[in-house]
Amino acid sequence: YLSKKYSMMYNNLPYEKTHNSLQITFCGSGSCKCPSIDINKDNDTVIIGGKEEGYTRFTKEQFDLFLETAKNGAFDEFIKK
């Protein structure tokens, strides 16, 4: 499938989505060297990061646990003022 580049979704973050994958870049323009999350239906690994800051790889199970932990507020006191 061909990749399509979008913006104005996912909290106005630039992203690319195909039938099997999604990559969201965590900045406003998409032209800077910002970290991204890259997830693919055909790969058991979720990749977070970028060239400058380095990459972290999670299994989908680990990534799901991270998301659920974050949604349940585990990090709120360290982020919210």
Side-chain angles (χ1 to χ4, degrees):
Y1 292 84
L2 295 175
S3 177
K4 294 183 179 179
K5 199 166 215 171
Y6 298 95
S7 62
M8 305 306 289
M9 198 171 183
Y10 303 110
N11 293 322
N12 292 323
L13 297 171
Y15 71 98
E16 289 187 46
K17 185 175 184 180
T18 68
H19 178 70
N20 289 328
S21 67
L22 175 65
Q23 181 182 44
I24 301 174
T25 303
F26 288 89
C27 69
S29 67
S31 62
C32 61
K33 302 201 181 337
C34 300
S36 65
I37 293 181
D38 191 352
I39 190 167
N40 189 308
K41 291 180 183 177
D42 299 324
N43 189 337
D44 289 334
T45 303
V46 178
I47 302 169
I48 300 174
K51 288 181 183 179
E52 288 192 6
E53 59 278 351
Y55 296 96
T56 301
R57 288 169 169 73
F58 291 95
T59 65
K60 286 183 178 173
E61 184 178 274
Q62 291 169 323
F63 187 68
D64 186 50
L65 179 60
F66 169 75
L67 291 177
E68 289 303 316
T69 301
K71 284 192 256 182
N72 287 328
F75 310 111
D76 289 356
E77 70 179 283
F78 303 101
I79 296 172
K80 296 180 180 178
K81 295 178 183 183

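Quantities reported herein were computed from a predicted structural model and do not represent experimental measurements.
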Hits for side-chain hydrogen bond (donor to acceptor under 3.5 Å, both in side chains) against D42, two or more places apart or cross-chain, chain-then-number order -> N20
Would you say K17 and Y15 make side-chain contact, with heavy atoms under 4.5 Å? yes
Taking H19's backbone N and O only, do any of them form a donor-acceptor pair with K41's side chain (distance below 3.5 Å, no angle check)? yes
Which side-chain N or O atoms in residues 62-71 pair as donor and acceptor under 3.5 Å with protein atoms at least two apart or in another chain?
unit_1	atom_1	unit_2	atom_2	d
Q62	OE1	T59	N	2.8
Q62	OE1	T59	OG1	3.3
E68	OE2	K71	NZ	3.1
T69	OG1	L65	O	2.7

Minimal heavy-atom distance between S36 and Q23, with the atoms involved, is OG-NE2, 3.4 Å
Besides I47, the hydrophobic cluster formed by Ile, Leu, Val, Met, Phe, Trp and Tyr side chains linked at under 4.5 Å, directly or via other members, contains Y55
Tightest non-hydrogen contact, residues T45 and N43, listed as N-OD1, 2.9 Å
Between the CD1 atom in I37 and the CD1 atom in I48, the distance rounded to the nearest 0.5 Å is 4.5 Å
Rounding to 0.5 Å, atoms CG (D38) and CZ (R57) come to a distance of 9.5 Å
Sorted by chain and residue number, the side chain to side chain contact (heavy atoms under 4.5 Å, CB included) partners of K60 (sequence neighbours excluded) come out as I39, V46
Contacts of E61 meeting side-chain hydrogen bond (donor to acceptor under 3.5 Å, both in side chains) (sequence neighbours excluded), chain-then-number -> none
